[in-house]
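Values below: all heavy atoms of this structure, side chains included; hydrogens, waters and symmetry mates excluded. Quick note: residue numbers are just sequence positions, from 1.
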Amino acid sequence: MPKNSKVTQHEQSHEHVVTESVADLLAHEEPLDYKSSSLNVGGVPGQKVPVESPDDGRPAWNSKLEYILAQVGFSVGLGNVWRFPYLCQKNGGGAYLVPYLILLLLIGIPLFFLELAVGQKIRRGSIGVWNYVCPHLGGVGVSSLMVCGFVGLYYNVIIGWSIFYFFQSFQHPLPWSDCPIRRNGTQAVVEPECEKSSATTYFWYRETLNITSTIAESGGLNWKMTVSLLVAWIIVCMAVIKGIQSSGKVMYFSSLFPYVVLLCFLVRGIFLRGALDGVAHMFTPKLEIMLEPQVWREAATQVFFALGLGFGGVIAFSSYNKQDNNCHFDAVLVSFINFVTSVLATLVVFAVLGFKANIMNEKCVIENAEKILGYLNSNVLSHDLVPPHVNFSHLSTTDYAEMYGVIKTVKEGAFAQLGLEPCLLEDELNKAVQGTGLAFIAFTEAMTHFPASPFWSVMFFFMLINLGLGSMIGTMTGITTPILDTFKIRKEVLTVGCCIIAFFCGLLFVQRSGNYFVTMFDDYSAGLPLTIVVILENVSVAWIYGTKRFMQDLEDMLGFRPYRIYFYLWKYVSPFCLLILISATVIEMAISPPGYNAWVQEVAQERFQSYPPWALAMCFALIVVAMLPLPLVFIARHFNLLSDGSNKLSVSYRKGCMMKDMSNLEEQDEARFILGKNPPGETPAPRPPQRAYLGPVLLHQSDATVLAQPEARVQRLSEGGGEPAEQHHVVRRHRVEGQEAGVEVQEHADG
């Protein structure tokens with residue numbers, strides 16, 4: 001700087017600034033290369049800094065176990081139980097695990113690691129993190145928050161359904177074990193809708209949802225589901241009202257209890273008759289299916305949503321960590337637990353479905369054997385067609401298959417008129433069910449045949465409640481954390497307000513046609529918007545901020561350099577895979593007619609129906625609204641219509657430096673700040689003996705605003721200190737809400 005230059009000082013504001021004397025800076029700091037990274041908050045590259053939790057008032061996890069359980073509870077959800085098994089069954093059985101594992105390694109773990117790292121480093125929610133990394137892409141955090149809101153609205157409805165079934169399970173026999181009997185005078189008849197479908201199907205569509213035949217028919221509120229939804233939101237609100245202090249304790253139970261139930265079901269399931277048939281069917285690989293592009297697209301989508309990428313919950317949870325936490329280990333561990341949980345749930349589901357398939361197959365054999373006996377008694381069929389060893393009173397599936405083959409061969413022309421079914425176990429096992437159809441129809445039907453069925457039903461639906469609760473805690477944290485970071489509002493007030501608003505918005509899903517809206521939100525509110533959010537996260541770190549700089553930041557934070565493979569995965573592989581996934585998603589939406597499966601009461605079956613124009617507009621509005629913050633924030637920042645969101649951060653020094661407000665510094669503090677002088681009576685800061693002066697440190701000043709200090713005041717301070725005529729090199733380092741700025745002040749005083 002030129003001689004007699006004005007002392008530079010930060011513009012007066014209400015923002016907190018960290019300051020230190022020259023002695024403190026020289027005593028504590030090492031010469032650092034701050035130009036290498038604007039995320040760096042201190043430390044020697046390549047050496048792990050013993051970081052303490054910054055004293056910024058931010059909550060912290062009580063233990064590492066609590067944090068891991070929170071991440072596991074968020075990532076392991078209902079999709080692991082009712083989505084992953086369906087995809088395995090549909091896409092080649094055991095062969096599906098190959099593309100899933102490959103994509104988990106290529107995009108799942110790297111992107112999960114990336115979100116953990118940025119959250120832990122910057123210690124903010126999704127909005128603050130992406131405002132800091134790339135202010136022009138600050139809309140990524142807002143879009144993530146909006147997607148969390150959409151998903152939370154309908155996801156808690158599913159928890160409400162589980163709560164209803166949970167309380168209905170305290171009955172013997174279970175209310176969905178038999179069709180209801182209607183009295184018509186002196187006659188007792190089975191409910192026609194139930195007789196045409198099944199007892200569990202009837203209970204789901206009629207007793208639980210009381211569903212209408214189309215989405216256009218509202219049908220009014222379903223009071224049973226409304227009460228269940230209210231209970232669900234009360235539970236979620238109580239779990240998150242104190243932030244991680246309350247949700248962390250809940251996670252000890254909600255994250256671990258589902259594993260206890262799954263292991264109990266697995267042990268019970270493998271001893272059921274026909275369970276091994278289901279497991280064998282599940283893991284029999286169909287290698288020819290594995291090469292189809294659709295399989296890889298669905299595997300990528302499942303990896304993407306299984307880990308909770310883009311929702312903001314991962315970033316929010318990791319932001320409460322210490323900055324020296326080994327987030328790479330966390331990413332690998334949670335991803336591995338998630339995969340093992342999916343396989344465990346698949347084993348349980350197919351063991352139980354194998355048992356159910358055997359029961360349904362035996363029922364089919366009995367019904368068709370009665371038809372054959374009727375044809376034999378009426379001479380439609382000759383007794384010579386029945387093999388001599390066949391005993392109709394103890395007819396096995398093998399005997400029926402043999403008899404069916406003989407009749408089909410002899411009665412080739414008139415066979416179709418007989419109405420006989422083949423009753424193959426393979427056909428029952430191939431009936432793919434997912435989502436609510438698996439949990440509330442297929443699985444519940446299987447449990448009715450269990451000994452002590454109410455106990456297993458209570459356990460199963462309590463498990464679903466806990467799985468959903470863990471995911472909802474992460475979703476709510478992804479909503480509240482960025483808002484609390486941005487606005488000064490009490491955590492309890494925000495949480496209660498969000499839950500109340502969400503409950504009233506959720507009434508859309510508990511009207512009689514509400515199930516159709518759940519399907520709509522599930523199909524359109526998260527898929528495409530969330531994929532775009534994650535690819536922008538990837539691009540902002542790998543291409544805008546810089547992968548090399550990010551790797552250096554990780555080395556400074558973790559104390560070791562992550563594997564080189566991450567550089568190429570973040571830079572090239574993950575963006576490429578995500579681009580393909582987005583393209584495939586758009587193509588799939590374009591070629592598939594938008595619609596829903598409506599329950600037609602007259603025929604007791606589901607039929608596909610297209611959305612009416614207003615519902616179609618609602619579908620695309622969900623996508624547009626979720627992605628709208630992306631261009632809006634970009635345009636606003638580009639034309640300076642919106643302040644740089646990166647200045648809303650407050651990243652602390654290492655070694656626990658005090659936070660001070662420059663606007664409140666007294667004159668004696670300014671004297672110490674500028675010239676390194678201590679006021680009378682104050683003990684000077686200790687200096688290390690024979691510490692070599694390292695010279696002025698020039699730091700990155702991208703966001704610091706430098707104003708002039710009157711020269712007269714500096715001269716007065718210098719003269720008042722009685723200093724000999726010498727050159728004073730003063731270095732001021734401060735962090736202004738997450739940005740680093742260095743200001744060098746040089747004054748030459750004449751003796």
Side-chain angles (χ1 to χ4, degrees), residues 74-93 95-112 114-115 143-144 147-148 150-151 154-155 158 289-314 334-335 338-339 341-343 345-346 432-436 438 471 475 518-538 569 573-592 594 619 622-623 626-627:
F74 176 53
S75 64
V76 175
L78 297 173
N80 296 76
V81 175
W82 66 32
R83 177 70 178 170
F84 188 88
Y86 162 75
L87 292 175
C88 283
Q89 181 184 27
K90 176 184 175 184
N91 296 317
Y96 173 75
L97 299 179
V98 176
Y100 185 87
L101 273 175
I102 292 175
L103 292 169
L104 180 65
L105 295 174
L106 291 181
I107 63 175
I109 294 178
L111 293 177
F112 192 61
L114 183 146
E115 289 200 358
S143 289
S144 176
V147 171
C148 274
F150 287 148
V151 172
Y154 76 84
Y155 202 87
I158 301 175
I289 299 179
M290 189 180 68
L291 301 178
E292 297 179 3
Q294 178 74 4
V295 175
W296 290 81
R297 185 187 74 82
E298 293 188 343
T301 304
Q302 179 62 18
V303 167
F304 188 81
F305 288 103
L307 294 175
L309 299 175
F311 280 95
V314 174
V334 174
S335 301
N338 189 289
F339 174 71
T341 305
S342 298
V343 175
T346 302
V433 287
Q434 65 165 324
T436 55
L438 174 63
S471 298
T475 302
V518 170
T519 303
M520 176 193 294
F521 272 65
D522 190 38
D523 291 341
Y524 291 95
S525 68
L528 184 60
L530 214 56
T531 312
I532 294 175
V533 163
V534 174
I535 193 173
L536 290 178
E537 291 179 357
N538 193 175
L569 290 175
V573 179
S574 295
F576 177 73
C577 292
L578 289 174
L579 281 175
I580 293 178
L581 180 59
I582 289 176
S583 302
T585 303
V586 172
I587 293 173
E588 180 73 15
M589 292 176 63
I591 63 177
S592 300
C619 293
L622 291 173
I623 299 174
M627 295 193 299

Subject >> Close side-chain approach of Trp82 and Ile158, heavy atoms under 4.5 Å >> reply: yes
Original post:
Does a side-chain heavy-atom distance below 4.5 Å link Val534 with Asn538?
Top reply: no
Subject >> Nearest heavy-atom neighbours spanning Leu307 and Phe112 >> reply: O-CE1, 3.7 Å
Subject >> Value rounded to 0.5 Å, distance of OH in Tyr96 from CD1 in Ile289 >> reply: 13.0 Å
**OP:** Considering non-hydrogen atoms only, spot the tightest contact between Phe339 and Leu97 and give its length.
**Re:** CE1-CD2, 4.3 Å
**OP:** Search all heavy atoms of Glu115 against all heavy atoms of Gly310 and return the closest pair with its distance.
**Re:** OE2-N, 2.9 Å
**OP:** Hey, could you give me the OG/CD1 distance between Ser525 and Ile623, rounded to the nearest 0.5 Å?
**Re:** 9.0 Å
Original post:
Does any non-hydrogen side-chain atom of Leu622 lie less than 4.5 Å from one of Met520?
Top reply: yes
Original post:
Gln302 and Glu298: side-chain donor and acceptor closer than 3.5 Å?
Top reply: no
Subject >> Atom pair CG/CE of Leu536 and Met627 - distance to nearest 0.5 Å >> reply: 10.0 Å
Subject >> Spatial distance of atom OG1 (Thr585) from atom CG (Leu530) [nearest 0.5 Å] >> reply: 11.0 Å
Original post:
What's the spacing between Thr301 OG1 and Leu581 CG if we round to 0.5 Å?
Top reply: 4.5 Å
Subject >> Check: Leu578 and Leu111 side chains under 4.5 Å, non-hydrogen atoms >> reply: yes
Original post:
Do the non-hydrogen side-chain atoms of Tyr86 and Leu438 ever get within less than 4.5 Å of each other?
Top reply: no
**OP:** Output the distance between atom CE (Met589) and atom CD1 (Ile587), rounded to the nearest 0.5 Å.
**Re:** 12.0 Å
Original post:
Which pair of heavy atoms, one from Leu569 and one from Pro575, lies closest together, and at what distance?
Top reply: O-CD, 3.7 Å
Original post:
Looking only at atom types and distance, does a side-chain atom of Asn91 sit under 3.5 Å from a main-chain N or O of Cys88, one as donor and one as acceptor?
Top reply: no
Original post:
Distance-only, no hydrogens or angles: does the Ser574 side chain make a donor-acceptor pair with backbone N or O of Ile107 under 3.5 Å?
Top reply: no
Original post:
Okay, side chain of Thr475, backbone of Cys148: is any donor-acceptor separation there less than 3.5 Å?
Top reply: no
Original post:
Heavy-atom distance under 4.5 Å between the side chains of Val334 and Phe74, does that happen here?
Top reply: no
Subject >> Output field: ring centroids Tyr524/Phe150 closer than 6.0 Å >> reply: no
Original post:
What are the two closest heavy atoms between Leu103 and Ala299, and how far apart are they?
Top reply: CD1-CB, 3.8 Å
Subject >> Validation row: Ile532, Ile582 side chains within 4.5 angstrom (heavy atoms) >> reply: yes
**OP:** Assess whether side chain to side chain contact (heavy atoms under 4.5 Å, CB included) is satisfied between Leu528 and Val586, documenting all intermediate values.
**Re:** CA-CA 8 Å; Leu528 184 60; Val586 172; 4.0 Å; yes
Subject >> Heavy-atom donor-acceptor pair, Ser471 side chain to Ser75 backbone, under 3.5 Å >> reply: no
Original post:
Is Phe84 close to Thr341 at the side-chain level, that is, under 4.5 Å between some pair of heavy atoms?
Top reply: no
Original post:
Between Tyr100 and Ala306, which heavy-atom pair has the shortest distance, and what is it?
Top reply: OH-CB, 3.9 Å
